[in-house]
2 protein chains.
Amino acid sequence: MNKYERIAREVKERIMNKTYSSDQPIPDEISLASEFQVSRMTMKKALDTLVSEGLLIRKRGHGTFIVKSAYHSPVNVVVNEMLGLTNLLRGKDIKNKIIAFDVQFPSEEVASQLFIDSKSPVYHMIRLRIVEGEPYVMEKTYMPVNLISGLTEEVLYGSIYKHIKEELGLNIVGSHRTIRASKSTKMDQEHLICASDDPILEIEQVGFLDTGIPFEYSFSRHRYDKFVFTTVNRMR
Amino acid sequence: MNKYERIAREVKERIMNKTYSSDQPIPDEISLASEFQVSRMTMKKALDTLVSEGLLIRKRGHGTFIVKSAYHSPVNVVVNEMLGLTNLLRGKDIKNKIIAFDVQFPSEEVASQLFIDSKSPVYHMIRLRIVEGEPYVMEKTYMPVNLISGLTEEVLYGSIYKHIKEELGLNIVGSHRTIRASKSTKMDQEHLICASDDPILEIEQVGFLDTGIPFEYSFSRHRYDKFVFTTVNRMR
DNA sequence: GAGTGGTCTAGACCACTCA
DNA sequence: GAGTGGTCTAGACCACTCA
């Protein structure tokens, strides 16, 4: 582990166990750098990671303060969902039901999001993810055939992300997401077993690889009572 | 403007106008640092800001790549909503309707989120924000009276954030948010003029100051057809 | 082995805050 | 004026990737 990661972990521990009181600033960068025997830049980097996690606030000329609401909740639960549901809910019983699986030419929208042309085929998949016997989310996913090869029903019953990482050796690094509320459709009601007036939390996502190339365009429709999305927002 | 900001802006411009092709990595750090006549650390910092905006991907031993989907959408539209609706929709005609405005002792949940005790009074406000004549969002907000003083109906008709910044001289720096889909209530239907089966996109937020102290706990209920939330997600 | 980005150092100067 | 964090430098060593 890097120095700054180790130090960030230690400082976080001190915040959480109240070694540092939230009534006053934590020690200044120079003192901390000296205590941990690192350069000031490294100390700053350690603190910056805690700032981006929403635990600390820094103010030039003033000091570094603990964000009181940091004590509350495990923050950013959902940021890891990019790992794939299989990974996010590791240890739970997850079953997949395949509702659709075919290959097609992309619509204009799909081609545009995946940066491919309209004659380049895509996989089209709809899966229902069932967690501990309860329907959780229905995912409609498009992936370019020439990038993500070898998808089979067997893969779809397991983890597509695992296939991409382990079989294809590709690195998934991020996504752009749009989150919205939506009315439930007949199809939602049937598969997610929800009432006609139950809303749906929809996440539209373009996932990309470490080459910057998009590999998936998907719509995940979640039961409104089983899913929330959390973020930390920091102004400049 | 700092060097790294100026350089980030220039590189972003080059990405957008296709000076750098997305088919191959952009020039390496050392070449760029030399071109811009800065140290490598500063060049790295400039590129890191573009990575966090979702425009670039970096891969050790390999290079720095353009994220193709970056060309698409203006990313992170909503991150700035912390500025307050008045600021976000600057130039539009925004009217506020005050549905409730009183002072009360906080519930256990409110006291806990605001880190105050249950005998410390809070403002309780419900406002309907009307944009260009159309109801847009209904906000229920709690603020500690001993921190955010001087709220009046006049302030509520304008911008509370402006009051906090300009009259009280406090600095708003961030928030923790939870986003969910919700059924519409009778009250939503009445004020947001929506149908009984229209869903609501709800954002629960704890906002905090540069001292780390929470100053607001709010629930914003948005019409599902007028609001989406966008994020950039990056794995480590 | 050559090229890439990641981390780290030991300093410097500066902007901002408070007294 | 003393104390704080923000930026910047000119180097160093390293881990990773590809050929």
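Here is how names work: the chains are called A, B, and so on, in the same order as the sequence lines, proteins then strands, and each is numbered from 1.
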Inset, instruction - Please determine, by modelled atom types, if A:Thr49 and A:Ser52 share a side-chain donor-acceptor pair under 3.5 angstrom. - result: no
Inset, instruction - Take the protein atom CD1 of A:Ile30 and the nucleotide atom C1' of C:dC14, then report the distance between them rounded to whole Å. - result: 13 Å
Legend entry - Contact nearer the 5' end of DNA chain D, comparing A:Met41 with A:Lys59: A:Lys59
Inset, instruction - Determine: side-chain N/O of A:Thr64 to OP1/OP2 of D:dG5, distance under 4.0 Å, yes or no. - result: yes
Inset, instruction - Return no unless some side-chain N or O of B:His62 is found under 4.0 Å from OP1 or OP2 of D:dC18. - result: yes
Inset, instruction - Classify the side chain of B:Arg40 versus the base of C:dG6 as yes if they form a donor-acceptor pair under 3.5 Å and no if they do not. - result: yes
Legend entry - Donor-acceptor side-chain pairing of A:Tyr20 and A:Arg14 below 3.5 angstrom: yes
Inset, instruction - Mind calculating the distance between CD (B:Glu29) and P (D:dT9) to the nearest angstrom? - result: 14 Å
Inset, instruction - Return the value, rounded to whole Å, for the distance between atom CG of A:Asp28 and atom C1' of D:dG6. - result: 14 Å
Inset, instruction - Go ahead and name the base partner of C:dC18; Watson-Crick or wobble counts if both distances stay under 3.5 Å, otherwise write none. - result: D:dG1
Inset, instruction - Please state whether the phosphate of D:dT7, meaning OP1 or OP2, lies under 4.0 angstrom from any side-chain nitrogen or oxygen of B:Lys45. - result: yes
Inset, instruction - Look at B:Arg58 and C:dG6 and indicate whether a side-chain polar atom (N or O) is within less than 4.0 Å of OP1 or OP2. - result: yes
Legend entry - Base-pairing mate for D:dA12 - Watson-Crick or G-U, with both contacts under 3.5 Å: C:dT7
Inset, instruction - Please tell me if the side chains of A:Ile66 and A:Leu56 come closer than 4.5 Å, counting only heavy atoms from C-beta onward. - result: yes
Legend entry - Distance-only polar pair, side chains of B:Glu109 and B:Tyr217, donor-acceptor under 3.5 Å: yes
Inset, instruction - Return no unless some side-chain N or O of B:Thr42 is found under 4.0 Å from OP1 or OP2 of D:dT9. - result: yes
Inset, instruction - Answer yes or no: does a side-chain N or O of A:Tyr4 lie under 4.0 Å from OP1 or OP2 of C:dT7? - result: yes
Legend entry - Salt bridge A:Glu204-A:Arg177, side-chain N to carboxylate O under 4.0 Å: no
Legend entry - Contact under 4.0 Å: B:Lys44 side-chain N or O vs C:dG6 OP1/OP2: yes
Legend entry - Length of the CD-C1' vector between B:Gln24 and D:dC18, whole Å: 16 Å
Legend entry - Length of the CD1-C1' vector between A:Ile26 and D:dG3, whole Å: 15 Å
Legend entry - A:Phe65 CZ to D:dT4 P, straight-line distance once rounded to whole Å: 11 Å
Legend entry - B:Lys3 NZ - D:dG6 C1' separation (whole Å): 14 Å
Legend entry - 5'-most by nearest nucleotide on DNA chain C - B:Asn171 or A:Asn2: A:Asn2
Inset, instruction - Report the distance from atom CZ of B:Arg60 to atom C1' of C:dG5, rounded to the nearest whole Å. - result: 7 Å
